[in-house]
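For reference, the structure is listed below as structure tokens.
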Amino acid sequence: MYSAKEAAEITGLSTATLRYYEKEHLLPQIRRSDQKYRQYTDEDIEWIRMIQCMRKANIPIQSIKEYVSLLIQGGKTLEERYDMVQEHIENITNQIANLQKALALTQSKLAFYKKLLKEPLHQDITYVEEWKMFNHGGQV
């Protein structure tokens, strides 16, 4: 068993976030000590890690709540959970594609700046000139 502070250290979350997850019913019922302190099990820690993974994939709290609710209901909701996970995979795939485009543009901008810094009058360039040069192939 882990205290709230220990669970926070293990997961890298704050105790406030753990309380929020519990309040929002993202976690199963957390055990309490006789003194009413939260006691997290290894299973609870794994559950928290699942939620962290979903949050890192930009899955909204409301969707996680829905998923957790279905998960707790057991096998009768398997098809719904399958559909949800399939939709999440599509969303993550789209996010990856968008991030790859953003990375390519950012790398291109960095290469443009590297070239521009070699120019003796680079400090005199206006943002309008820079914009035109970058958008027309970075001719420096």
Side-chain angles (χ1 to χ4, degrees):
M1 295 288 215
Y2 305 100
S3 68
K5 182 179 178 184
E6 291 169 328
E9 289 172 3
I10 291 168
T11 61
L13 297 173
S14 67
T15 54
T17 299
L18 293 176
R19 286 191 303 275
Y20 172 76
Y21 283 178
E22 187 177 359
K23 182 184 91 159
E24 291 297 317
H25 304 288
L26 300 177
L27 300 175
Q29 189 66 38
I30 302 298
R31 290 186 184 100
R32 302 284 183 137
S33 68
D34 292 337
Q35 296 81 22
K36 306 291 183 210
Y37 292 115
R38 289 173 178 83
Q39 295 182 315
Y40 294 85
T41 64
D42 287 329
E43 184 177 289
D44 296 328
I45 299 297
E46 288 307 311
W47 196 281
I48 293 164
R49 287 189 172 132
M50 175 192 69
I51 293 168
Q52 285 179 293
C53 180
M54 294 172 86
R55 291 297 299 141
K56 287 177 183 175
N58 293 322
I59 297 173
I61 292 289
Q62 190 57 42
S63 293
I64 297 172
K65 281 174 79 167
E66 183 181 347
Y67 177 80
V68 168
S69 173
L70 293 170
L71 185 62
I72 290 171
Q73 293 176 50
K76 66 183 178 182
T77 65
L78 187 57
E79 190 172 330
E80 290 172 87
R81 287 181 280 138
Y82 176 87
D83 291 342
M84 284 185 82
V85 171
Q86 188 173 25
E87 183 179 328
H88 291 316
I89 287 172
E90 291 170 13
N91 290 337
I92 291 168
T93 301
N94 289 335
Q95 288 176 43
I96 290 169
N98 289 334
L99 286 171
Q100 287 173 331
K101 289 176 187 173
L103 178 60
L105 177 63
T106 306
Q107 288 172 327
S108 177
K109 190 71 165 181
L110 184 63
F112 171 76
Y113 284 150
K114 187 175 182 178
K115 280 186 194 178
L116 196 59
L117 283 168
K118 292 178 183 176
E119 291 296 314
L121 300 176
H122 71 271
Q123 293 176 341
D124 296 329
I125 191 171
T126 68
Y127 76 91
V128 174
E129 292 169 326
E130 177 186 325
W131 186 257
K132 287 179 183 176
M133 287 175 16
F134 180 73
N135 286 320
H136 296 296
Q139 304 302 319
V140 178

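These numbers come from a predicted model, not from an experiment. When reading the values below, keep in mind they use all heavy atoms of this one structure, side chains included, and skip hydrogens, waters and symmetry mates. Position 1 is the first residue of the sequence; numbering continues from there.
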Review point. Would you say Tyr37 and Tyr21 are hydrophobically clustered, going by side-chain heavy atoms of ILVMFWY under 4.5 Å?
Key: no
Practice item. With sequence neighbours left out, write down each residue that passes salt bridge (Lys or Arg N to Asp or Glu O under 4.0 Å) with Glu6, or none if nothing qualifies. Key: none
Check your understanding: Taking only residues two or more places apart in sequence or in another chain, which ones pass salt bridge (Lys or Arg N to Asp or Glu O under 4.0 Å) with Arg49?
Key -> Glu46
Study note, to complete from the structure: Gln29 meets the side chain to side chain donor-acceptor pair (under 3.5 Å) criterion, sequence neighbours left out, with none
Review point. Among all residues two or more places apart in sequence or in another chain, which pass the side chain to side chain contact (heavy atoms under 4.5 Å, CB included) test with Ala111?
Key: none
Check your understanding: Who are the side chain to side chain contact (heavy atoms under 4.5 Å, CB included) partners of Thr41, not counting sequence neighbours?
Key -> Met1, Arg31, Glu43, Asp44
Check your understanding: Do you know which two heavy atoms are closest between Thr15 and Ala4, and how far apart they sit?
Key -> CG2-O, 3.6 Å
Exercise for review: State, to 0.1 Å, how close Tyr2 and Ala7 come at their nearest heavy-atom pair, and which atoms those are.
Suggested key: CB-N, 4.2 Å
Please table the atom pairs, donor to acceptor, closer than 3.5 Å between any side-chain atom in residues 64-75 and protein atoms at least two apart or in another chain.
unit_1, atom_1, unit_2, atom_2, d
Lys65, NZ, Glu24, OE1, 3.0
Ser69, OG, Gln73, NE2, 3.4
Gln73, NE2, Ser69, O, 3.3

Revision key, fill the gap. Tyr20 meets the side chain to side chain donor-acceptor pair (under 3.5 Å) criterion, sequence neighbours left out, with none
Revision key, fill the gap. Output for pair (Leu18 CG, Thr11 OG1), nearest 0.5 Å, gives 5.0 Å
Practice item. In sequence, state the C-alpha distance, the side-chain angles, and the governing distance for Arg32 and Gln39, and then conclude on side chain to side chain contact (heavy atoms under 4.5 Å, CB included). Key: CA-CA 5 Å; Arg32 302 284 183 137; Gln39 295 182 315; over 6 Å; no
Review point. For Ser14 and Ala8, which heavy atoms make the closest approach, and how far apart are they?
Key: C-CB, 4.0 Å
Check your understanding: Would Leu78 end up clustered with Ile89 when hydrophobic side chains under 4.5 Å apart are linked, directly or stepwise?
Key -> no
Review point. What residues, two or more places apart in sequence or in another chain, satisfy side chain to side chain contact (heavy atoms under 4.5 Å, CB included) together with Ile125?
Key: Leu116, Glu129, Glu130, Met133
Review point. Considering residues at least two apart in sequence or located in another chain, which fulfil the side chain to side chain donor-acceptor pair (under 3.5 Å) criterion with Gln107?
Key: none
Check your understanding: Mind checking what makes side chain to side chain donor-acceptor pair (under 3.5 Å) contact with Thr106, not counting sequence neighbours?
Key -> none
Revision key, fill the gap. So CG of Leu103 and OG of Ser108: to nearest 0.5 Å the spacing works out to 11.0 Å
Practice item. Could you name each residue pair satisfying side-chain hydrogen bond (donor to acceptor under 3.5 Å, both in side chains) that touches residues 88-103, not counting sequence neighbours? Key: Asn58-Gln95
Check your understanding: Under a 4.5 Å side-chain heavy-atom rule over Ile, Leu, Val, Met, Phe, Trp and Tyr, are Ile92 and Ile51 clustered together?
Key -> no
Review point. Going hydrophobic residue to hydrophobic residue with side-chain gaps under 4.5 angstrom, can you get from Trp131 over to Tyr113?
Key: no
Check your understanding: Which heavy atom of Tyr40 sits nearest a heavy atom of Leu27, and at what distance?
Key -> CE2-CD1, 4.4 Å
Point to revise | Results of salt bridge (Lys or Arg N to Asp or Glu O under 4.0 Å) for Lys5 - residues two or more places apart only | key: none
